[in-house]
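In listed order, ligands and their atoms are each counted from 1.
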Amino acid sequence: MKVLVNDQLIERDEAKIDIEDRGYQFGDGVYEVVRMYNGKFFTYEEHIDRLYASAAKIDLVIPYSKPELRAILDSLVTANNVGTGNVYLQVTRGIQSPRNHVIPETPLKAVLTASTSEVPRDMTLFEDGRKAIVEEDVRWLRCDIKSLNLLGNSMAKNKAHQAGALEAILHRDGSVTEGSATNAYMIKDGTLFTHAADNLVLAGITRQVILRVARENGIPVDESGFTLTDLATADEVFISSTTIEVTPIIAIDDKPVGDGKRGPITKQLHTYFTAEILKQCGELAFV
Ligand code: PDD
């Protein structure tokens, strides 16, 4: 298995990271997870645009042009022969020795690393759904940046895992923001509700596709968010991300959502979403 360190393809166990890399010491960097189906990238441009946008928000200069980055990533996925899987890439601000919170005025050499994993589509996820818990959102106020600082996300997700759930649905003062690694939605009386793409959530690429196909197919969309009280009486709830597509939430804190099964609008949205994958990546083994 090859990994990428800057523009070099090397064996996974030969990769070395400097102990004073600011990504390692401060979580000072940005990342993306891009899905591939049938050896083809899905929504590649959107992910890469968001990577550069996240970097710009923290004044981190990515030392590659978008075409250069594409060529490097293409060489990685070709070397690893990725079929249906995930490409993880991150860019840290670089190595600063000695450690100092202050960011040097002269830009450091940013460090790009990337790896791949083969991950088939899990149809049980989409059809059967999973449980969630509700947790307070204790993260910072710039969740629009896809930064490497994921401790708040990771601790919430781990709490869900310990409770036998897939995801923690987060809230600030009773207002639902997103999942620990997903966007969160509810359906009430036929309308799809989700949080606005502001500083409190990540503007998910999957979210972007879902909202577009919902509107194209006449499902009303409301981006003004929803509360925990709304969530408790929702007809349907689902979460979305690059890796889990449109996954129904069938119980929250062990109380069933609706009748405890995937709802009809969630199912419809996943069908529309799958059609988008087919358009970009061709026939799928499981539809
Ligand atoms: N997570 N919100 C958060 C906090 C996320 O970490 C993610 C993605 C999303 C969904 O974004 P997208 O649809 O662009 O994947 C929303 C990735 C998959 C991860 O950290 O593994």
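For the pair R207 and ligand 1, the shortest N or O to N or O distance does not fall below 3.5 Å. Looking at S241 next to ligand 1, no N or O pair under 3.5 Å apart turns up. Considering both main-chain and side-chain atoms, H47 never comes within under 3.5 Å of ligand 1 through any nitrogen or oxygen pair. Not a single N or O atom of A203, backbone or side chain, sits closer than 3.5 Å to an N or O atom of ligand 1. In terms of N/O distances under 3.5 Å, ligand 1 is approached by Y31. Note: no N/O pair closer than 3.5 Å links V33 and ligand 1 by distance alone.
At least one heavy atom of K146 sits closer than 4.0 Å to an atom of ligand 1. Using a 4.0 angstrom heavy-atom cutoff, E46 does not count as in contact with ligand 1. A heavy-atom separation below 4.0 Å is not found between Y88 and ligand 1.
There is no side-chain donor-acceptor pair under 3.5 Å between E46 and Y44. D173 and S175 share no side-chain donor-acceptor pair at under 3.5 Å. Remark: the E136 side chain and the H171 side chain contain no N/O donor-acceptor pair separated by less than 3.5 Å. Judged purely by distance below 3.5 Å, without hydrogens or angles, the side chains of Y272 and Q268 pair a donor atom with an acceptor atom. Residues D222 and T191 have side chains that never bring a donor and an acceptor to within less than 3.5 angstrom of each other.
For atom 10 (C) of ligand 1, the closest non-hydrogen atom on the protein side is N183 OD1, 3.7 Å. Ranking protein heavy atoms by distance to atom 11 (O) of ligand 1, first place goes to G204 CA, 3.4 Å. Here the protein heavy atom with the shortest distance to atom 2 (N) of ligand 1 is E178 OE1, 2.7 Å. What sits closest to atom 7 (C) of ligand 1 on the protein, heavy atoms only, is A181 O, 3.2 Å. Closest protein heavy atom to atom 13 (O) of ligand 1: T206 OG1, 2.5 Å. The nearest protein atom to atom 15 (O) of ligand 1, hydrogens excluded, is given as T242 OG1, 2.5 Å; this is a heavy-atom distance.
For ligand 1, the atoms lying closer than 4.0 Å to a non-hydrogen atom of R50 are 11 (O), 14 (O). Residue-ligand proximity, S180 to ligand 1, at heavy-atom distances under 4.0 Å covers atoms 4 (C). Near N153, with a cut-off below 4.0 Å to any heavy atom, the atoms of ligand 1 are 4 (C).
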Side-chain polar contacts of residues 248-256 - donor-acceptor pairs under 3.5 angstrom, sequence neighbours left out - could you list them?
| residue | atom | partner | partner atom | Å |
| --- | --- | --- | --- | --- |
| D253 | OD1 | V134 | N | 3.2 |
| D254 | OD1 | K131 | NZ | 3.4 |

Mind listing the side-chain donor-acceptor pairs of residues 75-84 below 3.5 Å, one per line with the distance, residues two or more places apart or on another chain?
| residue | atom | partner | partner atom | Å |
| --- | --- | --- | --- | --- |
| S75 | OG | I72 | O | 2.6 |
| T78 | OG1 | D74 | O | 2.7 |
| N80 | OD1 | K2 | N | 2.8 |
| N80 | ND2 | K2 | O | 2.8 |
| N80 | ND2 | T116 | OG1 | 2.9 |
| T84 | OG1 | N38 | N | 3.1 |

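Between R139 and E178 there is a salt bridge, since a side-chain N of the basic residue sits under 4.0 Å from a carboxylate O of the acidic one. A salt bridge links D122 with R130; the closest basic N to acidic carboxylate O contact falls under 4.0 Å. With salt bridges taken as basic N to acidic carboxylate O contacts below 4.0 Å, none links E45 and K66.
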Next on the checklist: I'd like to know whether E167 forms a side chain to side chain donor-acceptor pair (under 3.5 Å) with S180, so could you lay out the CA-CA distance, the side-chain angles of the two residues, the decisive distance to 0.1 Å, and finally the verdict.
Outcome noted: CA-CA 7 Å; E167 184 56 301; S180 73; 2.5 Å; yes
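Checked by atom type and distance alone, the side chain of N199 never pairs as donor or acceptor with a backbone atom of D144 at under 3.5 Å.
At a 4.0 Å heavy-atom cut-off, ligand 1 does not touch V201 at all.
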